[in-house]
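In what follows, chains carry the letters A, B, and so on, assigned in the order in which the sequence lines appear, proteins first and then strands, with residues in each chain numbered from 1. Computation of the quantities below employed the complete heavy-atom set of this structure, encompassing side-chain atoms and omitting hydrogens, waters and symmetry-equivalent molecules.
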Amino acid sequence: MVSQKEFTDAAFNQLLGEGKLMASRCKKCGALHLPPKPICVNCQEGNMEWTILKGKGKLAAFTTIAVGLPRMIQEGYGRDNPYCSGIVELEEGPRISARILDVDARNPQKLKVGMPLVVDFLERGEGENKRTLLAFKPV
Amino acid sequence: MVSQKEFTDAAFNQLLGEGKLMASRCKKCGALHLPPKPICVNCQEGNMEWTILKGKGKLAAFTTIAVGLPRMIQEGYGRDNPYCSGIVELEEGPRISARILDVDARNPQKLKVGMPLVVDFLERGEGENKRTLLAFKPV
Amino acid sequence: MYVKKRRLGRGVAIVGAGVSKFGSFSDKTSRDLFIEAFNELKQSVDRGIDPKDIEALYLGNHIGEYCEGQSLMAPIIAGYLGMIPKPATRVENACVSSGVALREGIIAIASGLYDIVLVGGVEKMTTLSTEGVTDALGSALDALYETPAGFTFPGIYAAMATTYMDKYGAKEEHFMKVAIKNHNNGALNPKAQFNTTIKDIMNGRIAKAKQKGQPIPTWVDEIEFLKDPKANPVVAWPMKLFDCSPITDGASCLLLVAEEVAKSFTDTPVYVIGTGQGSDYPLYEREDMTTILAAKFAAQEAYAMAGVKPEDIQIAEVHDCFTIAELVGIEDIGFFPSGGAIKAIEEGLTARDGAKPINTSGGLKSKGHPVGATGTAQAAEIWLQMRGQAGARQVPGKDISLALTHNVGGSGPTCAIHIYERR
Amino acid sequence: MYVKKRRLGRGVAIVGAGVSKFGSFSDKTSRDLFIEAFNELKQSVDRGIDPKDIEALYLGNHIGEYCEGQSLMAPIIAGYLGMIPKPATRVENACVSSGVALREGIIAIASGLYDIVLVGGVEKMTTLSTEGVTDALGSALDALYETPAGFTFPGIYAAMATTYMDKYGAKEEHFMKVAIKNHNNGALNPKAQFNTTIKDIMNGRIAKAKQKGQPIPTWVDEIEFLKDPKANPVVAWPMKLFDCSPITDGASCLLLVAEEVAKSFTDTPVYVIGTGQGSDYPLYEREDMTTILAAKFAAQEAYAMAGVKPEDIQIAEVHDCFTIAELVGIEDIGFFPSGGAIKAIEEGLTARDGAKPINTSGGLKSKGHPVGATGTAQAAEIWLQMRGQAGARQVPGKDISLALTHNVGGSGPTCAIHIYERR
Ligand SMILES: [Zn+2]
Ligand SMILES: [Zn+2]
């Protein structure tokens with residue numbers, strides 16, 4: 001019962017694991033919060049509901065990273081094999097940080113702010129450490 | 001030339017590696033600083049000299065640790081094999097924290113504040129990570 | 001020790017307080033915990049508070065880097081509370097992080113810069129193993145000269161305990177009695193991590209042994225239970241499991257306002273009339289290892305500012321991260337003479353119905369010790385006691401008009417003390 | 001955006017400043033670095049200061065836990081300075097840690113609590129590998145939603161750069177010109193980590209290639225050098241090696257006193273007449289990703305308190321942790337309109353001899369960026385420039401009586417801005 005979950009990072013991640021990108025919506029003013037927030041930043045109300053997002057959006061900002069985080073180096077990325085991280089603006093309005101897949105990270109000049117993207121879910125880790133990461137890829 | 005070293009942790013440790021326990025002494029007021037300090041805490045003067053300590057003292061405070069630091073667990077210590085850490089008051093006056101060796105850490109009641117100790121130097125690590133740790137043991 | 005009599009430019013009052021449940025919550029982050037405390041705070045402000053009116057946040061947090069890989073936590077928390085673009089600052093002074101955040105909030109209001117400030121603290125510790133927490137809290141020791149000697153955080157307090165035992169003749173039983181007292185109080189605090197007496201823990205173990213058909217322990221009282229190394233194993237002798245505060249997730253916060261506007265929030269503000277903070281060397285460099293100079297200095301400053309004496313204070317929350325710390329603490333704040341804490345705990349003077357009730361909340365020992373949240377959680381307990389809202393653990397037979405909190409960081413290199421008044 | 005006009009209870013002045021050499025020093029700890037800065041500070045106070053008269057320390061430090069396994073650093077530093085039992089507090093707001101420490105010192109004096117306060121910062125970064133530093137600084141991002149996306153600290157500024165390029169048409173050359181300008185200044189700063197121009201670095205490489213009999217590079221100017229991926233590899237596109245501030249060990253500190261006692265320390269105090277601090281969401285949540293609301297809010301607060309306008313300010317130290325940050329920064333403080341930084345850097349307006357000299361110290365880019373020390377190091381540069389003591393890099397033809405520092409934490413969730421006056 002998605003609608004009964006608390007509006008926490010744990011719930012958001014569990015939903016990602018189910019292939020759902022969900023935001024919290026303020027029942028009073030309608031503001032969407034992604035990642036979910038339990039108190040509305042707009043009107044300070046604490047009456048929220050879960051809402052599912054279509055997972056369609058456009059690239060709002062990006063970078064291709066050659067000197068990566070340790071976890072990314074462990075995935076095989078590095079100076080000769082950069083990866084792309086971006087901020088995606090969803091059709092519903094909110095923006096979120098995500099891995100950007102299926103792009104040529106060695107030629108960042110070819111990537112454009114505004115390019116259309118669709119959500120993807122990236123599984124990492126095993127067993128207890130299994131986690132679903134939010135990702136997007138070109139349409 | 002010990003007397004030309006800066007009064008730093010690096011110098012103190014290098015001296016430990018040479019088997020020397022050394023303090024900084026304020027040339028103005030004579031106060032001893034162990035570990036070495038470059039500015040005298042007593043009179044705010046910055047004119048110090050190195051002085052070697054005899055390495056004799058007594059136990060001023062102690063504990064036997066069953067739930068140890070990760071580095072001590074790596075050395076093989078643990079709940080069934082506690083180690084002793086203590087604070088030693090040297091004959092020259094200053095006190096310092098040190099490993100306490102050659103005592104029965106399973107029977108801490110037998111250890112006494114005031115018991116006489118003598119300095120020892122404990123080598124840990126290899127190559128670049130080699131480090132000499134300050135230790136004391138019963139006379 | 002010369003203590004300058006200091007005056008603040010303006011008076012400050014607490015008009016709201018909130019504390020999350022303390023415990024182990026695998027699905028809650030620091031943000032979730034702080035929001036839980038903040039929601040309670042909002043409810044506690046008698047005439048209400050619009051979060052948009054809050055002008056600044058001071059947030060205490062100690063080991064967020066180790067536990068959640070998160071530094072720069074204050075603006076993130078501010079973002080969840082809807083406080084952007086107001087200033088948000090993290091204070092890190094180990095276990096006195098939010099005690100100092102409280103002090104900074106008071107100072108900021110006194111400066112004239114703000115009228116309404118949120119102060120608080122949070123710690124999310126249970127993401128780490130016991131070994132990981134030992135490592136993380138160990139960072140509050142002197143990393144160059146204490147940790148190479150193998151000292152842990154319990155270990156350094158244990159060393160303090162051995163000098164205290166040597167100098168004043170304290171026995172392990174005295175430490176145990178502190179734990180028993182604080183669990184007795186924590187059993188009455190629904191927010192406490194260990195919301196139960198040590199006697200009930202003991203009886204529970206006996207019942208469980210019976211149920212499982214195991215050999216039935218023969219403990220006749222709590223002291224015997226605590227002397228059994230199977231029930232109460234050594235962590236760092238003479239500190240055993242029941243001498244140590246637990247690993248805790250939790251958050252707490254206070255709403256501070258300038259004295260002149262306090263009555264627009266509530267008819268019964270709690271005024272902060274004294275604040276003191278001090279520093280000390282690592283344990284090995286202290287002249288006297290049975291006392292904490294940082295606490296003595298902070299106490300003298302706070303008393304001087306408040307214009308009151310230790311004998312005027314009716315109750316106190318005292319930093320009992322380890323049982324030895326409470327004994328040293330009640331001496332450092334002048335409630336008892338040096339070594340006098342032994343007699344005080346023997347005679348029950350610090351019990352909830354004693355002459356000087358200490359740690360009615362259950363203390364860090366029983367309530368739990370989310371390190372960065374502890375300072376403002378202590379003040380939140382005083383807030384409840386002074387307003388007569390502490391429920392089952394309300395101090396009996398006393399109308400509390402003067403109280404004190406004593407919050408220590410690390411092994412004592414830092415301490416913040418506050419004195420509270422209900423007029 | 002409504003900005004309340006705030007007033008401090010008392011005025012505050014800087015009467016001394018010290019900065020350690022910035023660079024990579026394998027045998028120095030945080031303590032050694034801070035003492036080096038403090039020794040210079042003591043020399044800088046015209047009529048002298050007895051450290052025993054200092055009443056409190058506010059210390060900025062960001063990643064001491066990662067670099068030295070040390071939290072609770074403030075009282076340790078206080079101990080080395082002979083300040084025990086005076087209060088010592090660590091402020092952690094990432095790269096604005098000492099900028100906020102400065103603000104807290106000002107607030108504390110304004111409150112009436114202290115007359116003489118030491119503020120400063122320190123970072124000892126070179127104990128870690130580049131990978132380790134990337135991990136440690138990454139803790140200042142949103143650990144729940146930015147680091148899982150792979151963002152690093154350079155990466156998040158790089159993302160900001162792509163939106164800035166998209167919105168205003170900035171090219172990679174504009175970022176490069178910021179680096180060239182700041183190295184030109186840093187070449188004149190003997191404390192700078194990179195005490196050399198990019199042209200000299202380029203010519204050095206050419207000379208080295210000749211000497212070694214290697215193919216001689218054909219760069220005709222610094223821009224060509226910086227466009228060569230072998231000379232200037234991508235870190236996080238479009239940010240390349242020469243767009244990024246280095247990994248630095250260093251410390252800095254300031255002596256703050258109440259305005260009414262300033263003249264007893266020096267005839268030429270530098271008065272702090274405006275302080276502002278703001279917060280913002282992580283980058284992904286900001287309405288406009290080409291500006292930092294925390295900085296705009298802090299600037300407006302500081303200008304309102306000081307009663308001056310951007311056009312009145314003669315020089316500024318601006319937080320150029322990455323070259324894009326300086327462009328955004330000089331817009332956020334109102335020196336140039338949105339997108340106007342492009343033209344400013346093209347036309348040399350921010351050069352040392354330009355209309356609005358920015359980062360005469362060399363900035364974080366060339367001087368180095370020991371993160372916790374940067375805020376008070378910026379103020380120390382202003383102190384020198386305002387007193388005409390900046391040596392070879394003294395701004396020509398200007399008698400500096402109004403200046404500003406802009407110090408940002410993380411990707412912009414926090415910012416502190418100060419305005420200084422010489423009367
Ligand atoms: Zn709403
Ligand atoms: Zn001296």
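- Minimum heavy-atom separation, C:P85 to D:F297: O-CD2, 3.3 Å.
- Residue with the most contacts toward chain D among C:V96, C:I84, C:T275: C:I84 (heavy-atom pairs, distance under 4.5 Å).
- Atom CD of C:E104 sits about 5.0 Å away from atom OG1 of D:T89, to the nearest 0.5 Å.
- Between C:S71 and D:H62 the shortest side-chain heavy-atom distance falls below 4.5 Å.
- Checked against side-chain hydrogen bond (donor to acceptor under 3.5 Å, both in side chains), D:S30 has the following partners two or more places apart in sequence or in another chain: D:E68.
- Under the salt bridge (charged side-chain N to carboxylate O under 4.0 Å, His left out) criterion, C:E92 pairs with D:R90, sequence neighbours left out.
- Contact count versus chain C (heavy atoms, under 4.5 Å) is highest, among D:D280, D:I109, D:V100, for D:D280.
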Take C:R103 and D:L113 through the test side-chain contact (heavy atoms from CB on, under 4.5 Å) and record every step on the way to the result. CA-CA 11 Å; C:R103 179 173 162 92; D:L113 198 62; 3.3 Å; yes
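- Contact count versus chain C (heavy atoms, under 4.5 Å) is highest, among D:A294, D:G276, D:S139, for D:S139.
- In this structure, chain C has no heavy atom under 4.5 Å from any part of D:R10.
- Using a 4.5 Å cut-off between heavy atoms, C:L144 contacts chain D through both its backbone and its side chain.
- Atom-to-atom distance recorded for C:E285:CD and D:I76:CD1 is 9.5 Å, nearest 0.5 angstrom.
- Listed options D:L57, D:T414, D:I106 were ranked by heavy-atom pairs under 4.5 angstrom with chain C; first place goes to D:T414.
- Note: D:M73 CE to C:D142 CG = 11.0 Å, rounded to the nearest 0.5 Å.
- Looking at D:V91, the atoms closer than 4.5 Å to chain C (heavy atoms on both sides) sit in the backbone and in the side chain alike.
- The residue among C:A416, C:P413, C:G9 with the most heavy atom pairs within less than 4.5 Å of chain D is C:P413.
- Distance check, rounded to the nearest 0.5 Å: CD1 of C:I63 to CG of D:L72 gives 12.5 Å.
- Contacts between C:T29 and chain D at a heavy-atom distance below 4.5 Å involve the side chain alone, from C-beta outward.
- Using a 4.5 Å cut-off between heavy atoms, D:A94 contacts chain C through both its backbone and its side chain.
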